[in-house]
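The structure appears right after this line, and notes come after that.
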Amino acid sequence: MKDKHFDINEEGCSIRCRIMTDSDNRTFPHVVICTHGFGGNKEAANITKFAEKYLGKHSKDAVIAFDWPCHGKDGRKKLEIRECLQYLRLVISYAKNGLQAQDVFDYSVSMGGYMTLLYIHENGNPFRRIALRAPSVRMYDAMMEKFSADDLAKLQKGKEVETGFERKMKVSQSLLDELKEKDVRKYAYIDWAEDMLVIHGTKDETVDIEDSRRFCDDNIIELKEVEGADHTFHDPKLMDIAIHDIVEFFSV
């Protein structure tokens with residue numbers, strides 16, 4: 001598998017990307033866009049493993065991953081929903097116009113799942129099919145859990161606080177207010193349900209599987225539960241199950 005890094009420099013953005021292929025072609029019939037979760041980056045092992053499995057079956061296609069704002073090698077320091085959606089839009093445009101993809105697919109994890117759902121609610125669905133693993137449909141609640149009482153007091157006073165794992169990013173009260181307002185559980189996704197798949201581990205300690213159960217029930221979306229899997233699908237065998245299901249779902 002060929003693995004190359006490049007930047008998309010448009011609209012004042014410099015989006016750090018990687019493209020994985022099995023050829024030297026410059027155009028591809030199908031492109032899968034992979035998005036990582038909060039605190040992750042485009043080099044995530046699950047993305048690499050997915051690309052290997054997907055390209056093993058679809059050697060003429062390509063897989064693209066990118067760093068969300070404030071993640072990985074990205075230059076931003078303050079997390080903003082607007083910029084996340086802008087990044088996703090520009091990567092979709094690159095896949096369709098730069099790589100001439102006839103169809104674009106989306107495989108997103110956790111926060112990436114939230115951003116994908118918000119994007120298609122606000123802009124329509126540009127994807128042939130979408131697979132979400134443990135999507136953070138309660139993104140506001142998930143973000144609030146990251147802050148101490150002191151942090152919350154600072155936010156309420158209009159100050160910014162830092163959060164994150166290996167890399168810290170600035171967060172403001174306005175971000176939290178926007179996450180609370182833009183609760184994807186309030187939106188309808190039934191029109192796209194046949195082209196969506198949600199996969200969730202029964203032992204997820206970060207995003208409660210009940211969130212996916214309710215979301216999928218409300219929107220008549222297929223949910224595949226992986227027995228014993230945690231949020232990151234740390235067990236390689238369970239990750240293989242999830243990736244196999246996603247590759248098969250994308251094989252249309």
Side-chain angles (χ1 to χ4, degrees), residues 7-8 11-17 34-47 65-91 108-123 132-187 200-201 204-212 214-215 230-234:
D7 295 347
I8 297 175
E11 300 179 10
C13 302
S14 184
I15 308 172
R16 309 294 199 246
C17 305
C34 297
T35 78
H36 61 79
F38 181 84
N41 59 65
K42 64 184 180 299
E43 313 297 337
N46 78 89
I47 292 176
F66 66 96
D67 289 329
W68 286 117
C70 308
H71 290 72
K73 300 295 184 181
D74 183 71
R76 310 274 178 172
K77 296 182 179 180
K78 183 178 179 181
L79 188 63
E80 300 278 0
I81 291 178
R82 174 185 59 80
E83 291 179 345
C84 290
L85 299 182
Q86 181 184 26
Y87 276 33
L88 183 54
R89 174 175 57 80
L90 290 173
V91 174
S108 291
V109 176
S110 198
M111 184 189 83
Y114 167 81
M115 292 299 175
T116 295
L117 290 169
L118 181 59
Y119 182 91
I120 64 176
H121 168 73
E122 295 189 352
N123 301 279
L132 308 177
R133 180 163 65 77
S136 187
V137 295
R138 290 192 301 114
M139 193 63 202
Y140 169 77
D141 295 332
M143 187 65 76
M144 287 292 288
E145 291 174 358
K146 301 181 185 302
F147 301 117
S148 66
D150 288 342
D151 288 335
L152 293 174
K154 291 178 181 177
L155 287 166
Q156 291 172 0
K157 293 179 180 178
K159 298 180 180 179
E160 296 176 349
V161 299
E162 290 190 338
T163 186
F165 299 108
E166 293 183 5
R167 176 177 171 179
K168 301 296 183 181
M169 65 196 77
K170 294 180 180 179
V171 170
S172 67
Q173 183 63 47
S174 63
L175 172 70
L176 298 179
D177 292 342
E178 191 173 5
L179 287 173
K180 188 174 184 179
E181 176 190 353
K182 296 183 175 182
D183 184 341
V184 295
R185 295 173 299 173
K186 300 185 301 184
Y187 309 142
H200 210 127
D204 193 323
E205 73 290 356
T206 302
V207 178
D208 194 332
I209 192 172
E210 286 297 332
D211 293 343
S212 285
R214 294 191 190 96
F215 178 78
D230 59 7
H231 187 63
T232 61
F233 277 64
H234 182 75

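Just so you know, these numbers use all the heavy atoms, side chains as well, and skip hydrogens, waters and symmetry mates. Everything numeric here is computed off the predicted structure, so don't read it as measured data.
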Just distance, no hydrogens or angles: give the donor-acceptor pairs under 3.5 Å from side chains in residues 150-160, sequence neighbours left out.
| from | atom 1 | to | atom 2 | distance (Å) |
| --- | --- | --- | --- | --- |
| Asp151 | OD2 | Ser148 | N | 3.3 |
| Asp151 | OD2 | Ser148 | OG | 3.3 |
| Glu160 | OE2 | Lys78 | NZ | 2.9 |

Within this structure, what is the CG-NZ distance for the pair Leu175 and Lys170, rounded to the nearest 0.5 Å? 14.0 Å
Sequence-distant partners of Asp177, salt bridge (charged side-chain N to carboxylate O under 4.0 Å, His left out), two or more places apart: none
Side-chain donor-acceptor pairs under 3.5 Å in residues 113-121, sequence neighbours left out?
| from | atom 1 | to | atom 2 | distance (Å) |
| --- | --- | --- | --- | --- |
| Tyr114 | OH | Lys182 | O | 2.8 |
| Thr116 | OG1 | Asp106 | OD1 | 3.4 |
| Thr116 | OG1 | Asp106 | OD2 | 3.4 |
| Thr116 | OG1 | Ser108 | OG | 3.0 |
| Thr116 | OG1 | Gly112 | O | 2.9 |

Applying side chain to side chain contact (heavy atoms under 4.5 Å, CB included), name anything that partners Glu205, two or more places apart in sequence or on another chain. Asp230, His231
The criterion is side-chain hydrogen bond (donor to acceptor under 3.5 Å, both in side chains); which residues satisfy it with His36, sequence neighbours excluded? none
Residues, nucleotides or ligands: over 12 heavy atoms within 6.0 Å of Lys180 NZ: no
Calculate, to the nearest 0.5 Å, the distance between atoms CZ and CG belonging to Phe233 and Asp204 respectively. 7.5 Å
Report, as yes or no, whether the 6.0 Å neighbourhood of atom NZ on Lys168 holds more than 12 heavy atoms from other residues, nucleotides or ligands. yes
For Glu210, look at atom CD and say whether over 12 heavy atoms of other residues, nucleotides or ligands are found less than 6.0 Å away. yes
The criterion is side-chain hydrogen bond (donor to acceptor under 3.5 Å, both in side chains); which residues satisfy it with Ser172, sequence neighbours excluded? Ser174
Among all residues two or more places apart in sequence or in another chain, which pass the salt bridge (charged side-chain N to carboxylate O under 4.0 Å, His left out) test with Arg167? none
Side-chain donor/acceptor pairs under 3.5 Å, residues 82-89, sequence neighbours excluded:
| from | atom 1 | to | atom 2 | distance (Å) |
| --- | --- | --- | --- | --- |
| Glu83 | OE2 | Arg76 | NH1 | 3.0 |
| Gln86 | NE2 | Glu11 | OE1 | 3.0 |
| Tyr87 | OH | Asp74 | OD1 | 2.6 |
| Tyr87 | OH | Arg76 | NE | 3.3 |
| Arg89 | NH1 | Glu11 | OE2 | 3.1 |
| Arg89 | NH2 | Glu11 | OE1 | 2.7 |
| Arg89 | NH2 | Glu11 | OE2 | 3.4 |

Going by heavy atoms in the side chains, are Met169 and Phe38 under 4.5 Å from each other? yes
Quick one: side chain to side chain contact (heavy atoms under 4.5 Å, CB included) partners of Ala44, sequence neighbours excluded? Asn46, Ile47
Distance in Å, Trp68 CH2 paired with Ile15 CD1, rounded so as to fall on 0.5 Å steps: 9.5 Å
Just wondering, do Leu79 and Met143 contact through their side chains at under 4.5 Å, heavy atoms? yes
Atom of Phe147, atom of Val171 and distance for their closest heavy-atom approach: CZ-CG1, 3.8 Å
Output all residues satisfying side-chain hydrogen bond (donor to acceptor under 3.5 Å, both in side chains) with Glu43, sequence neighbours left out; order by chain, then residue number. His5
Side-chain contact test, heavy atoms from C-beta onward, threshold under 4.5 Å: evaluate it for His71 versus Phe165 and give yes or no. no
Residue list, side chain to side chain contact (heavy atoms under 4.5 Å, CB included) with Asp211, at least two apart or on another chain: Val137, Arg138, Val207, Asp208, Arg214
Under the side chain to side chain contact (heavy atoms under 4.5 Å, CB included) test, residues paired with Lys73 that sit two or more places apart: Arg16, Lys42, Asp67
